[in-house]
Amino acid sequence: MRLAVNIDHIATLRNARNEQQPDPVTAAAIAELGGASGIVCHLREDRRHIRDHDLERLRESVTTKLDLEMAMTEEMQQIAIRTKPELITLVPEKRQELTTEGGFDIVNNFDSLVEFIKPVQGAGIEVSLFIEPEKEAVLLAAKAGADLVELHTGPYSLKKTTSDIEAEIRRIRTAAKFARDSGLRVVAGHGLNYYNILPFRTIEEIEEVSIGHALIARATMTGLEAAVRDMLRTINT
Ligand code: PXP
């Protein structure tokens with residue numbers, strides 16, 4: 001299974017001080033060195049993490065696959081066509097949310113989705129839809145002409161009891177199989193971490209997972225000791 005790395009939270013940290021560091025583009029290069037199969041960034045309407053200039057620089061430096069997560073708006077469509085990431089992932093976007101809540105509402109947006117996708121694919125960009133792991137959503141994604149679906153694992157990541165967790169894994173497994181049988185490639189993401197990722201090793205239809213927060217959270221912990229040592233060496237030599 002491949003790992004696509006979302007670097008939004010590096011930008012969040014940088015933006016907390018409105019300075020240059022840490023640089024999400026450098027982080028993307030480090031993630032690629034670590035074996036990431038792709039770099040994911042979400043250009044939000046409010047630009048709360050990745051900004052337009054970051055996206056331009058990412059396009060120049062990412063050598064694996066750039067996945068632009070975005071809302072289905074005209075502004076984003078133009079940015080995507082101009083920037084040409086290998087892939088866009090359409091997500092619903094609410095200004096007040098902390099992170100993406102819920103999958104793309106494909107039932108109520110079907111006609112506009114079909115029209116939205118055409119020029120994007122015409123520019124040579126693949127289209128993924130972030131959807132709930134449900135049969136109807138998968139069917140409509142295939143019908144709309146998506147290349148991939150990203151199954152939303154957020155609800156799974158919030159389950160507490162074993163039976164709820166197992167039920168959610170069954171739901172994801174069934175949707176993944178159904179999507180593959182419908183001719184779609186399948187990835188998954190949201191809320192995945194070093195513990196809850198384990199059952200995904202047995203869902204062979206899912207070819208890639210997209211992870212951000214857990215990786216960046218871990219990097220701050222595993223990197224902190226070295227950072228303190230570096231500073232001590234700097235001030236004492
Ligand atoms: N996939 C999608 C569609 C997302 O919106 C996000 C969050 O930006 C992720 C994956 C990554 O989620 P997390 O940061 O919880 O790993």
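Read the numbers this way: they start at 1 and go in the same order the structure lists the ligands and their atoms.
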Crowding at CD, Glu136 (>12 non-hydrogen neighbours, <6.0 Å): no
With the threshold set at 4.0 Å, does a side-chain nitrogen-carboxylate oxygen contact exist between Glu208 and Arg2? yes
Quick check on contacts: which atoms of ligand 1 are under 4.0 angstrom from a heavy atom of Gly191? 12 (O), 13 (P), 15 (O), 16 (O)
Can you list the atoms of ligand 1 that are under 4.0 Å from a heavy atom of Ile211? 16 (O)
Just jot down the side-chain contact (heavy atoms from CB on, under 4.5 Å) partners of Arg14, sequence neighbours excluded, or say none. Ala11, Pro22, Pro24, Arg51, Asp54
For Val91, the ligand 1 atoms whose distance to one of its heavy atoms is below 4.0 Å: 3 (C)
Can you name the residues that form a ring-ring contact (aromatic ring centres under 6.0 Å, His included) with Phe104, not counting sequence neighbours? none
Within the 4.0 Å heavy-atom shell around Ser210, which atoms of ligand 1 are there? 1 (N), 10 (C), 11 (C)
Looking at Phe130, which atoms of ligand 1 are within less than 4.0 Å of one of its heavy atoms? 3 (C)
Consider every N or O of Gly212 and every N or O of ligand 1, then say whether any pair is closer than 3.5 Å. yes
Classify the ring geometry of His49 against His42: parallel below 30°, tilted from 30° to 60°, perpendicular beyond 60°. tilted
Return yes when Ala214 approaches ligand 1 closer than 4.0 angstrom through a heavy atom, no otherwise. no
Between Arg57 and Glu60, does any NZ, NE, NH1 or NH2 come within less than 4.0 Å of an OD or OE carboxylate oxygen? no
Heavy-atom nearest option to atom 1 (N) of ligand 1, drawn from His213, Glu150, His42: Glu150
Would you call Asp147 and Arg185 a salt bridge, using N to O less than 4.0 angstrom? no
With heavy atoms and a 4.0 Å threshold, my read on which part of Glu69 contacts ligand 1 is side chain
Considering only heavy atoms of Asn6, which atoms of ligand 1 have at least one such atom less than 4.0 Å away? 8 (O)
